[in-house]
Novice: 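I have a structure I would like to understand better, so I am pasting it below and will then ask my questions one at a time.
So that the names make sense, note that chain A is the first sequence line, chain B the second, and so on, each numbered from 1. Just so you know, these numbers use all the heavy atoms, side chains as well, and skip hydrogens, waters and symmetry mates.
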There are 2 protein chains.
Amino acid sequence: MPTAAVADPVTTRGELTKRLIVDTALRMFREQGYEQTTMRAIAREAGVSVGNAYYYFASKENLIEAFYEDMQVEHLAHARPVLDASKDFGDRLRGTFHAGIDALAPYHAFAGKFFKTAAEPTSPLHPLSSESEPARNASIALFREVFEGSSAKIDPELRDELPELLWMSYLGVILFWVHDLSPEQAKTRLFIDKSTALVDKLVGLSRLRILRPLSRDLLELIADLKAD
Amino acid sequence: MPTAAVADPVTTRGELTKRLIVDTALRMFREQGYEQTTMRAIAREAGVSVGNAYYYFASKENLIEAFYEDMQVEHLAHARPVLDASKDFGDRLRGTFHAGIDALAPYHAFAGKFFKTAAEPTSPLHPLSSESEPARNASIALFREVFEGSSAKIDPELRDELPELLWMSYLGVILFWVHDLSPEQAKTRLFIDKSTALVDKLVGLSRLRILRPLSRDLLELIADLKAD
DNA sequence: GTCTATAGCAAGATAGAC
DNA sequence: GTCTATCTTGCTATAGAC
């Protein structure tokens with residue numbers, strides 16, 4: 001007896017509902033903050049039941065995960081034109097940092113709570129967690145492209161580790177941005193400009209013989225810390 | 001026991017009650033974790049009412065503040081013998097970093113929650129907050145002594161900024177430690193040994209003429225970020 | 001599998017009486 | 001300063017509709 005199976009639409013009903021809940025939540029987070037936005041209010045505003053919201057998101061924090069993923073995608077999109085425009089390492093790095101902050105900018109007020117959550121070592125949102133490995137790898141790959149698509153030279157032994165180091169620097173920039181209270185986070189923009197220029201110089205100098213021992217020490221340190 | 005602006009002697013009834021609540025809370029945090037320890041349980045264990053606990057501590061997080069202050073005092077105490085023992089900058093820095101981690105060690109399991117709270121930009125526990133300025137200044141002064149009591153030389157222009165840079169490095173060490181899952185946090189110990197050796201070398205090299213432009217850039221960056 | 005409605009728990013936080 | 005009673009909210013549970 002053949003059952004008349006209903007073909008699934010490209011975007012299922014469930015995915016639409018999920019998206020509706022996420023969008024509502026992120027908007028409310030932006031407008032009134034994370035703590036002030038209750039799950040009850042999100043459900044009411046999205047026109048679904050509380051139970052339905054929890055059907056798609058196991059916890060309120062899980063809603064932040066969606067934000068995390070959105071930002072990841074936005075960063076790649078914002079960085080693309082930069083990487084297509086210049087071969088200068090300093091320009092590429094600076095542009096890629098700025099691109100990330102551009103994507104984050106509308107959420108600055110909310111970002112403190114987001115960061116607080118992600119900062120906890122056991123959180124799945126933590127940048128070093130296994131759950132965020134795909135996002136992390138994508139981000140590191142972006143920074144690999146920043147260097148490898150450039151005309152810069154570097155101490156060859158440092159080359160393999162550079163993308164990860166740049167990614168960690170980017171985390172540092174975000175950390176700075178989260179705490180930046182200057183208008184429009186202007187200090188973060190300044191910080192990016194100055195610090196990327198510094199990194200650019202350091203990379204160039206890394207091939208100097210006097211600095212070789214330093215590079216070696218750095219590599220050794222990294223190797224030790226990666227070892228189990 | 002040094003009693004700086006951090007811990008005044010306790011005499012009045014209110015202060016006794018406050019101290020009782022803090023001590024009970026910190027002990028319970030150590031023994032069963034932060035989340036697992038409810039305000040009800042703290043109050044019960046301390047023999048006071050929940051309302052009374054909230055009379056002294058506006059929130060559960062505020063109890064962490066006491067931990068913060070205790071650790072500050074302990075760090076200074078642990079570092080003293082190190083600074084009395086050697087004039088070598090590398091040794092002094094390494095020893096001072098280890099001293100801080102020694103003080104923190106019993107709280108490693110609990111530290112993730114602590115860090116999460118302190119990481120929030122608006123938190124009074126934040127290392128950069130105005131509320132924690134006294135503790136911050138005491139800590140920076142410690143690192144000033146680390147360098148100035150040593151036999152090391154440095155690019156004179158960097159000299160004034162070094163204590164603050166070392167203090168920030170120390171924050172980085174704590175950040176590393178919080179996330180260190182290795183047995184006894186052995187990786188943190190390794191990280192301290194290797195990274196302080198690196199910093200020691202960098203400080204020595206800072207007087208090389210080739211590196212002057214880098215120092216200048218760094219100083220300029222710091223000056224810009226400090227400016228209002 | 002998707003969704004509603006509702007009841008209820010646990011724990012952080014508060015109000016108001018004494 | 002201290003208490004008891006109560007509120008709020010994240011989250012769960014259940015029972016059922018489509």
Novice: Starting at atom CG of Leu16(B), determine the distance to atom C1' of dT2(D), rounded to an integer number of angstrom.
Specialist: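 Rounding to the nearest Å, CG of Leu16(B) and C1' of dT2(D) are 15 Å apart.
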Novice: Any Lys/Arg nitrogen of Arg27(B) or Asp23(B) sitting under 4.0 Å from an Asp/Glu carboxylate oxygen of the other?
Specialist: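 No, this pair does not count.
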Novice: Separation of Phe57(A) atom CZ from dT12(D) atom C1', in whole Å?
Specialist: 18 Å
Novice: Can you tell me if the side-chain N/O atoms of Tyr55(B) get under 4.0 Å from OP1 or OP2 in dG1(D)?
Specialist: yes
Novice: For the pair made of NZ in Lys60(B) and P in dT9(D), what is the distance, rounded to whole Å?
Specialist: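 Roughly 18 Å, once rounded to whole Å.
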Novice: Counting heavy atoms from C-beta on, name the nucleotide in dC11(D), dT14(C), dT6(D) closest to the side chain of Arg40(B).
Specialist: dT6(D)
Novice: Tell me if a side-chain donor or acceptor on Lys18(A) pairs with a main-chain N or O of Tyr56(A) at a distance below 3.5 Å.
Specialist: no
Novice: Name the nucleic acid region contacted by Ser49(B), choosing base, sugar-phosphate or nothing; use a 4.0 angstrom heavy-atom cut-off, strictly under.
Specialist: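 Base contact.
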Novice: To the nearest Å, how far apart are Lys18(A) NZ and dC3(C) P?
Specialist: 12 Å
Novice: Rounding to an integer number of Å, can you tell me how far Glu61(A) CD sits from dC11(D) C1'?
Specialist: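 In whole Å, dC11(D) C1' and Glu61(A) CD are 12 Å from each other.
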Novice: Tell me the interatomic distance from Gln36(A), atom CD, to dT9(D), atom P, rounded to whole angstroms.
Specialist: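 After rounding, the gap between these two atoms is 10 Å.
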Novice: Is any side-chain N or O of Tyr54(B) closer than 4.0 Å to OP1 or OP2 of dA13(C)?
Specialist: yes
Novice: Would you indicate what Tyr56(A) reaches in the nucleic acid, counting non-hydrogen atoms under 4.0 angstrom: base, sugar-phosphate, or nothing?
Specialist: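 Sugar-phosphate contact only - Tyr56(A) comes under 4.0 Å of backbone atoms but never of a base.
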Novice: Please determine, for the side chain of Thr12(A), which listed nucleotide (dT2(C), dG12(C), dG10(D)) has the closest atom?
Specialist: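 Nucleotide nearest to Thr12(A)'s side chain: dT2(C).
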Novice: Answer yes when Asp102(B) and Arg189(B) have at least one side-chain N-carboxylate O distance shorter than 4.0 Å, and no when they do not.
Specialist: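 Salt bridge flag = yes for Arg189(B) with Asp102(B).
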Novice: So, does Asn52(B) get its side chain near the phosphate of dG1(D), meaning an N or O under 4.0 Å from OP1 or OP2?
Specialist: no
Novice: Once you apply a heavy-atom cut-off of 4.0 Å, does Val50(A) come out as touching a base, just sugar-phosphate, or nothing?
Specialist: nothing
Novice: dC3(C) P sits how many Å from Arg44(A) CZ, rounded?
Specialist: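 Taking CZ of Arg44(A) and P of dC3(C), I get 19 Å after rounding.
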Novice: Decide, yes or no, whether a salt bridge links Glu61(B) with Lys116(A) under the criterion of side-chain N to carboxylate O below 4.0 Å.
Specialist: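 Yes, this pair counts.
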Novice: Report which part of the nucleic acid Gly51(B) touches: base, sugar-phosphate, or nothing (heavy-atom distance under 4.0 Å, all strands).
Specialist: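 The residue Gly51(B) makes base contact.
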Novice: Check step by step if ring pair (Phe, Tyr, Trp, His ring centres under 6.0 Å) holds for Phe176(B) and Phe97(B).
Specialist: CA-CA 12 Å; Phe176(B) 188 96; Phe97(B) 279 177; over 10 Å; no
Novice: Within less than 4.0 Å of OP1 or OP2 of dT2(D), is there a side-chain N or O belonging to Thr17(B)?
Specialist: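 For dT2(D), OP1/OP2 do have a side-chain N/O of Thr17(B) under 4.0 Å.
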Novice: Could you pick out which residue, Arg13(B) or Ser59(A), lies toward the 5' side of DNA chain D when each is mapped onto its nearest nucleotide?
Specialist: Arg13(B)
Novice: Provide, to the nearest angstrom, the distance between the CE atom belonging to Met39(A) and the P atom belonging to dG8(C).
Specialist: 21 Å
